[in-house]
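Structure first, then comments.
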Amino acid sequence: MADQTVRVRFAPSPTGYLHVGGARTALYNYLYAKHTGGEFILRIEDTDEARSTEESMRMQIADLQWLGMKWSEGPDPDSLIDVGAYGPYRQSRRLDIYKEHAQRLLEEGQAYYCFMTDEEIEVQRQAAIQQGRPPQVNSPYRDWPIEKAQERLDKGDKAVVRFKVVEKRDYVLQDLVRGEVTFPSDMVGDFVLLRSTGMPVYNFCCVVDDALMKITHVFRAEEHLSNSLRQMMLYHAFNYPLPKFGHLSVVLGSDKQKLSKRHGATSCHDYAQNGYLPEALNNFVALLGWSSPAAQEILSMEELIAQFDYDRLNASPAVFDEQKLNWVNATHLRALPNEELWKRVEPFLNEAGLKLPADSGWRFRALDAFKTSMTTLKDAVELFRPLSETPVSIATESEEVLGFPTTRAVIEAWKAGIEQAGSDYLTEEQFNKLQDSIKDSQNVKGKQLFQPIRVAVIGKPQGTELKMLVPLMHKRTLLARADQVLSRIKG
RNA sequence: GUCCCUUUCGUCUAGAGGCCUAGGACAACUCCCUUUCACGGAGUAGACACGAGUUCGAAUCUCGUAAGGGACGCCA
């Protein structure tokens with residue numbers, strides 16, 4: 001028991017994309033498994049028939065894969081066929097197991113069939129609230145003998161199965177992140193195990209599955225903390241050993257409200273589409289509620305695995321700070337070798353329809369020129385756009401530059417210089433010489449010199465150094481661009 | 001309403017009774033580098049929610065208060 005292998009699980013309900021809060025929960029479980037050499041298991045909690053879809057399940061699996069978390073048990077990412085010795089791993093396929101467990105409790109008198117209608121329950125709730133009591137049900141069917149209930153069932157009446165809360169005592173949870181948490185048992189009333197449709201309810205399947213799947217540690221969101229009481233009761237009723245629980249803090253938006261759709265991008269999918277790196281999102285999200293013992297801010301997945309332990313998990317809520325995410329992302333992005341960076345950037349460039357040289361030497365020089373101005377992969381699009389042959393839009397900030405009295409002459413001299421160039425691409429040296437000659441011939445310097453040239457090259461007065469930019473552009477493009485800008489001055 | 005959790009710079013956090021004149025990171029600001037923008041470098045500013053206690057000594061322990069969050073579903 002002491003050196004039992006760690007078995008942890010991530011158990012999302014398939015309703016939409018994977019949320020960043022969910023990603024953090026998954027990550028902590030994953031890191032703990034990897035850190036201890038244990039198993040990371042994926043279980044799909046799809047007992048809510050109204051909201052769960054297979055499509056969502058696929059999306060969440062794709063998101064988890066994008067983040068680089070691999071599970072040793074659960075649905076196979078491609079075929080969706082269960083892998084592992086404790087399956088099935090989709091709750092909707094474990095219905096028989098839940099039924100058996102419910103039956104067992106029913107027979108032992110630890111659970112009962114309840115025929116109350118929604119209206120009856122609502123009346124009780126309101127009454128309880130008015131009297132200042134917790135709104136719990138008090139079912140008249142609580143002590144019905146099972147045979148009597150069965151008769152009604154046989155007549156076709158619908159019933160839920162409720163757990164019978166009998167013991168009046170305090171339940172103490174040794175939480176891995178919060179320490180000792182005490183719940184009085186009267187905090188909850190008799191709760192539903194099986195819906196009238198026969199579908200089990202979260203607290204019930206969660207316990208059955210965690211026990212049967214031999215889960216040793218459960219890191220989950222704080223909102224489940226009070227569920228723990230019900231779950232402890234069930235573990236007790238089944239006489240199953242309790243796993244260790246760690247209840248994570250909530251992730252908040254900038255307004256300190258729980259992160260939700262209102263806050264804009266909150267799904268991993270959104271971040272992927274917006275050009276964030278999975279390693280950056282993992283890194284950032286890991287630091288929301290956990291800190292590196294080495295006080296590192298930038299960590300690779302390997303470093304996270306090596307350093308992660310639950311003793312540095314923080315119990316207080318954390319605000320998701322997009323600015324820090326941006327910094328983490330930019331830092332990871334700049335550290336990528338050019339070859340890898342190009343692979344990541346290319347889909348964004350293609351999507352924008354940019355036609356760029358295929359030569360890898362050219363690509364790497366371009367990345368060197370641009371990567372310090374990139375926060376996300378998507379930023380590459382606007383940076384690379386002026387390098388393609390298509391005309392650029394001339395930025396409004398360029399107007400002032402176009403208004404300098406010397407601008408027209410400078411651009412014409414620039415154009416003439418390019419025309420004289422022997423090769424398709426100017427070298428940095430040739431560019432410098434050309435710029436110097438314009439300085440002398442036109443008698444301009446400072447921003448009167450380089451801003452017009454920059455506008456004639458990329459359409460705006462600020463950006464990457466010209467000596468980096470110009471050698472990346474074909475003579476033809478340079479000339480066309482200069483003409484484009486000159487025509488603008490006339491008009 | 002009842003119960004549970006949380007509370008250190010704007011944000012993420014370090015901090016397990018003296019090492020704290022409270023440290024780091026992001027953001028902000030200033031300067032340097034730079035014929036622009038970024039990158040990079042150097043700095044500045046900025047916090048223990050409040051009140052009692054325990055103690056020679058409290059950000060750290062206890063109790064209250066306040067604020068925020070969660071649960072009280074045939075959601076998870």
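In what follows, chains are A, B, ... by sequence order, proteins preceding strands, each numbered from 1. All of these numbers come straight from a predicted model, not from anything done at the bench.
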message: Nearest 0.5 Å, please: how far is CD in A:Glu279 from CG in A:Leu336?
response: 6.0 Å

- prompt: Going 5' to 3' along nucleotides 63-76 of chain B, which nucleotides have protein heavy atoms under 4.0 Å from the base (write B), which only from the sugar-phosphate (write S), and which from neither (write -)?
  reply: ------BSSBSBSB

- request: Counting Watson-Crick and G-U wobble pairs only, both distances under 3.5 Å, name the nucleotide matched with B:G17, or none.
  value: none

field: Closest nucleotide among B:U35, B:C12, B:A38 to the A:Thr372 side chain
entry: B:A38

query: Could you give the CG-to-C1' distance, from A:Leu229 to B:C3, as a whole number of Å?
result: 10 Å

field: Sugar-phosphate, base or nothing in reach of A:Thr182, heavy atoms under 4.0 Å
entry: sugar-phosphate

Pair assignment for B:G64, Watson-Crick or G-U wobble, requiring both distances under 3.5 Å: B:C50

- prompt: Between B:A14, B:U6, B:U36, which nucleotide gets closest to the side-chain atoms of A:Gln462?
  reply: B:U36

message: Please encode protein proximity along nucleotides 26-33 of chain B as a string of B, S and -, counting only heavy-atom distances under 4.0 Å.
response: SS------

field: Reported CG-to-CE distance for the pair A:Asn29 and A:Met69, which is rounded to 0.5 angstrom
entry: 9.5 Å

query: Tell me: CG of A:Leu313 to P of B:U13, nearest whole Å?
result: 10 Å

field: Rounded distance in Å between the C1' positions of B:G17 and B:A76
entry: 42 Å

task: Round to the nearest Å and state the distance from A:Asp311 atom CG to B:G15 atom P.
output: 9 Å

Any strand: nucleotide that pairs with B:A25 via Watson-Crick or wobble, under 3.5 Å: B:U11

Residue mapping more 5' on RNA chain B - nearest nucleotide basis, A:Lys439 or A:Phe183: A:Phe183

message: Is a donor from one side chain sitting under 3.5 angstrom from an acceptor on the other, for A:Tyr112 and A:Asp190?
response: yes

query: According to the Watson-Crick and G-U wobble definitions, with both distances under 3.5 Å, which nucleotide is paired to B:A71?
result: B:U2

query: Taking only residues at least two apart or on different chains, which pairs with a member in residues 392-406 of chain A satisfy side chain to side chain donor-acceptor pair (under 3.5 Å)?
result: A:Glu399-A:Arg488

field: Counterpart residues, side-chain contact (heavy atoms from CB on, under 4.5 Å), relative to A:Gln91 (two or more places apart)
entry: A:Arg43, A:Glu45, A:Asp46, A:Thr47, A:Tyr98, A:Cys205, A:Asp209

field: side-chain contact (heavy atoms from CB on, under 4.5 Å) partners for A:Pro184, two or more places apart
entry: A:Asp170, A:Asp186, A:Met187

- request: Residues of residues 290-301 of chain A with any non-hydrogen atom less than 4.0 angstrom from an atom of RNA chain B: list those, numerically ordered, please.
  value: A:Ser291, A:Glu297

query: For B:U35, which nucleotide in any strand shown is its Watson-Crick or wobble partner with both distances under 3.5 Å?
result: none

query: Taking the side chain from A:Gln451 and the backbone from A:Val401, do they hold a donor-acceptor pair closer than 3.5 Å?
result: no

Spacing between A:Asp379 atom CG and B:C39 atom C1', to the nearest angstrom: 14 Å

- prompt: Any sub-3.5 Å donor-acceptor pair from A:Arg178's side-chain atoms to A:Leu173's backbone N or O?
  reply: no

message: Testing the 3.5 Å rule here: is there a donor-acceptor pair between the side chains of A:Glu120 and A:Gln124?
response: no

